[in-house]
4 protein chains.
Amino acid sequence: MDGTRQRRRGNTRQRIQDVALGLFAEQGYEKTSLREIAEQLDVTKAALYYHFKTKEEILVSIFEDLSRPLEDLIAWGREQPHSLETKQEILRRYSEALAAAAPLFRFMQENQATIRELRIGELFKTRMFGLRDILTDPDADLVDQVRCVSALLTLHAGMHILQDTESDPEEKRKAVLEVAVDLITQAHRGSAGA
Amino acid sequence: MDGTRQRRRGNTRQRIQDVALGLFAEQGYEKTSLREIAEQLDVTKAALYYHFKTKEEILVSIFEDLSRPLEDLIAWGREQPHSLETKQEILRRYSEALAAAAPLFRFMQENQATIRELRIGELFKTRMFGLRDILTDPDADLVDQVRCVSALLTLHAGMHILQDTESDPEEKRKAVLEVAVDLITQAHRGSAGA
Amino acid sequence: MDGTRQRRRGNTRQRIQDVALGLFAEQGYEKTSLREIAEQLDVTKAALYYHFKTKEEILVSIFEDLSRPLEDLIAWGREQPHSLETKQEILRRYSEALAAAAPLFRFMQENQATIRELRIGELFKTRMFGLRDILTDPDADLVDQVRCVSALLTLHAGMHILQDTESDPEEKRKAVLEVAVDLITQAHRGSAGA
Amino acid sequence: MDGTRQRRRGNTRQRIQDVALGLFAEQGYEKTSLREIAEQLDVTKAALYYHFKTKEEILVSIFEDLSRPLEDLIAWGREQPHSLETKQEILRRYSEALAAAAPLFRFMQENQATIRELRIGELFKTRMFGLRDILTDPDADLVDQVRCVSALLTLHAGMHILQDTESDPEEKRKAVLEVAVDLITQAHRGSAGA
DNA sequence: CATGAATGAGCATTCATTCAT
DNA sequence: GATGAATGAATGCTCATTCAT
């Protein structure tokens with residue numbers, strides 16, 4: 001009884017987000033017009049404005065909704081001891097979370113120039129710095145810092161970049177994760193050993 | 001004495017490319033209008049069209065001009081034995097070449113969605129695949145393939161991503177290179193050892 | 001009483017067509033800009049695009065709306081016996097239909113080069129061939145075929161060409177029609193007598 | 001020795017006219033740009049301006065050069081007795097002259113809207129009135145006046161309109177001429193008989 | 001909840017034309 | 001006799017946004 005209530009009516013907002021993310025990811029933010037979104041939903045442009053104040057707000061709302069799990073993960077990570085185990089666990093969960101919201105992150109990856117000037121640019125940057133601070137010692141060796149960033153980078157871009165390799169997505173994710181964990185592990189040893 | 005002669009006149013094409021690249025890198029391709037470029041050069045939009053057939057052609061010409069060294073490097077790499085030393089040498093030179101054309105590659109990095117539908121998308125993709133084929137064994141372990149891609153990724157994105165770390169750019173480049181070389185080395189050993 | 005209700009609002013599409021046809025006929029299609037049309041209507045250019053997808057579509061819509069009677073006439077003609085009486089009746093009605101949509105046909109007459117490359121070029125050509133097939137025997141004498149075409153030509157161009165002759169338009173139309181009927185009659189006798 | 005002198009050099013003006021007429025006839029005046037003409041001639045736009053002051057002047061010069069024979073014909077006609085024989089002779093010669101400058105007259109036919117606002121509009125109109133005055137009695141029956149105009153019309157448009165009929169161009173011209181002569185003859189009898 | 005109608009600002013592109021060389 | 005470089009004005013079109021209904 002409860003689950004259905006917001007299904008039939010009131011799901012337009014959700015449908016807008018879905019279609020918009022699809023188009024944003026496929027064509028980029030700037031090249032996707034509200035007309036296109038509206039047409040694909042078979043509503044008028046004006047309808048979009050009933051649900052969202054601006055085009056940017058559609059994007060922000062998608063980002064906020066889909067990236068909450070990551071937010072939580074970071075919050076959790078912050079409270080753990082900065083041990084290697086924690087770091088590895090973070091990467092594992094992060095990798096899963098990324099996979100779960102793949103289109104969004106493909107979009108983020110491919111539209112950095114756009115995002116930079118949008119509100120989510122700041123949001124995303126803040127988040128990445130949060131992650132980095134958990135994974136790396138602020139006074140670690142520069143090379144080790146790069147390793148951390150590289151690990152994150154690999155996680156983020158990994159799946160899209162191996163498009164042409166046929167192998168199964170889940171296997172790919174595992175391989176990408178392994179490399180990331182390796183990098184972090186090396187970085188951790190560097191800092192710890194020093 | 002001699003080099004100045006073609007400075008005053010006849011350098012407009014070049015100036016257009018410079019200004020355009022600056023703006024493309026700063027604001028993105030779509031958000032940069034020809035009006036903006038023209039204004040910054042203090043010429044009319046029509047003047048741009050005297051030198052280039054379309055907006056896209058401006059970008060393509062920049063890409064072609066600035067990335068020729070990379071093209072050459074790949075050509076060179078293809079003829080070397082696929083030894084670890086070659087691979088390391090490639091990365092070293094590639095890193096230098098990227099640094100030399102940093103704004104272009106920052107642009108490429110941040111405007112992937114845009115680029116994908118432009119002609120340079122294909123050009124770039126082809127190039128990256130060329131590089132990958134030199135650096136990695138086609139029947140290498142999936143994890144090792146990821147390491148290679150990761151190395152390339154790190155090289156490409158590395159410098160832009162560490163914006164906030166204050167340290168000197170050249171040091172950063174070295175650090176990034178070291179990580180990339182590490183990754184390639186591990187990958188090479190994986191393939192060789194198997 | 002009833003007819004006025006949808007006058008004020010919702011007639012914009014129609015008003016656009018009217019103004020556009022006026023300008024197209026007066027200045028030609030290419031020399032009429034959307035800015036001009038919009039200004040004369042006291043709306044913005046963008047408003048035109050709410051009602052029509054392209055400039056060409058404005059023209060097509062005018063053509064389709066105004067030339068439907070001719071379409072019908074041809075359809076009717078096709079089902080009649082190809083007797084002289086039918087042919088004469090066709091010309092009579094055709095002449096009236098042309099007069100009723102005079103500005104459109106003046107436009108068609110005077111912008112053939114333009115029209116040829118537009119969609120209505122094909123539409124119009126097809127229609128003319130339809131008419132010709134009713135009026136003339138496919139294996140008639142070449143001279144008689146010319147007479148038919150000449151009759152149509154006279155009907156089409158007749159009124160515009162006699163601009164300077166002062167006499168009353170309706171009289172002119174009658175005179176033009178008489179010549180056309182004469183031509184068709186001669187042509188018919190030629191074919192029948194052979 | 002004499003004939004060659006203006007051949008190699010100094011024929012550019014002529015070549016411009018040829019190419020321009022070709023394009024004007026094919027695509028219309030407005031849709032033909034000077035860039036196109038220049039490109040097809042493999043010279044720069046600026047070169048066109050060495051030979052002609054404006055785009056319009058190119059057209060005017062073509063018209064003047066190619067229609068001089070018609071001018072002469074009319075001048076001749078004006079001095080003859082307004083007998084039926086004269087009229088028939090005029091039509092015969094006129095038909096030949098039109099055929100000799102077919103592309104120009106196809107252009108005139110198809111670009112009336114454009115021409116009307118250009119200088120050649122007046123030129124052409126004046127000429128047509130001149131012809132009409134030779135062919136028709138000013139106080140002839142309205143119907144007979146129409147017949148004359150119709151004859152002219154048929155001559156002008158005839159050849160282009162029968163494009164799809166396969167028969168040989170010269171035969172077509174003859175047929176068209178025959179119909180025109182017929183019309184004029186009828187008109188003449190009408191006036192004479194009254 | 002949503003539409004129909006419209007706007008204002010902007011964009012890439014094209015054109016006829018000019019002029020110093 | 002011609003070019004290289006540029007301009008000013010315009011064009012068709014698209015977009016995010018608004019608002020009365």
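The model shown is predicted, which means the values in this text are computed figures rather than measured ones. Letters A, B, ... mirror the listed sequences (proteins, then strands); counts begin at 1.
Distance CG (D/Leu118) to C1' (E/dA16): 13 Å, rounded to an integer number of Å. Nucleotide E/dA2 holds its P atom 16 Å from the CG atom of A/Leu34, rounded to whole Å. One atom, OH of C/Tyr49, and another, C1' of E/dA9, lie 15 Å apart when rounded to the nearest Å. One interatomic measurement links the two molecules: CG of C/Leu41 to C1' of E/dA6, which rounds to 13 Å at whole-angstrom precision. Put simply, CG on B/Leu48 is 13 Å from C1' on E/dC11, counting in whole angstrom units. Following rounding to the nearest Å, C/Lys55 (NZ) and F/dA10 (P) show an atom-to-atom distance of 15 Å. Straight-line distance from the CD atom of B/Glu39 to the P atom of F/dA6: 17 Å, rounded to whole Å. We find that OH of A/Tyr50 is positioned 17 Å from P of F/dA20, with the value rounded to whole Å.
In summary, B/Arg68 and B/Glu64 do not engage in a salt bridge, as defined by a charged side-chain N under 4.0 Å from a carboxylate O. For the pair C/Arg106 and C/Glu110, the salt-bridge criterion is met [side-chain N within less than 4.0 Å of a carboxylate O]. The pair A/Arg127-A/Glu71 meets the salt-bridge criterion, since a charged nitrogen lies less than 4.0 angstrom from a carboxylate oxygen.
C/His51 has no side-chain polar atom (N or O) that falls below the 4.0 Å cut-off from OP1 or OP2 of E/dG4. For A/Arg35, a side-chain nitrogen or oxygen approaches OP1 or OP2 of F/dC15 to under 4.0 Å.
For B/Lys53 and C/Ala47, each mapped to the nucleotide of DNA chain E holding its nearest heavy atom, the one lying further toward the 5' end belongs to C/Ala47. For A/Thr32 and B/Arg13, each mapped to the nucleotide of DNA chain F holding its nearest heavy atom, the one lying further toward the 5' end belongs to B/Arg13. Of the residues near DNA chain F, C/Glu30 and D/Lys45, the one whose nearest nucleotide (by heavy atom distance) lies more toward the 5' end is D/Lys45.
Residue C/Thr12 places its side chain closer to E/dA6 than to any other of E/dA6, F/dA6, E/dT17. Taking every side-chain heavy atom of B/Ala46 into account, E/dT14 is the closest of E/dA6, F/dT3, E/dT14. Nearest nucleotide to the C/Ser33 side chain, out of F/dG4, F/dC19, F/dT11: F/dT11. Comparing F/dT7, F/dA5, E/dT13 against the side chain of B/Thr54 picks out E/dT13 as the nearest.
For A/Gln27 and B/Glu117, the side-chain atoms include no donor-acceptor pair closer than 3.5 Å.
Over its length, the helix from E/dA2-F/dT21 to E/dT21-F/dA2 turns its helix axis by 20°, as judged from the five terminal pairs at each end, rounded to 10°.
Side-chain contact between C/Ile62 and C/Ile120 is absent, with no heavy-atom pair separated by less than 4.5 Å.
Ring orientation note: the planes of B/His156 and B/Phe124 are nearly perpendicular, at an angle over 60° on the 30°/60° scale.
Heavy-atom minimum distance, D/Glu30 versus D/Thr114: OE2-OG1, 2.7 Å.
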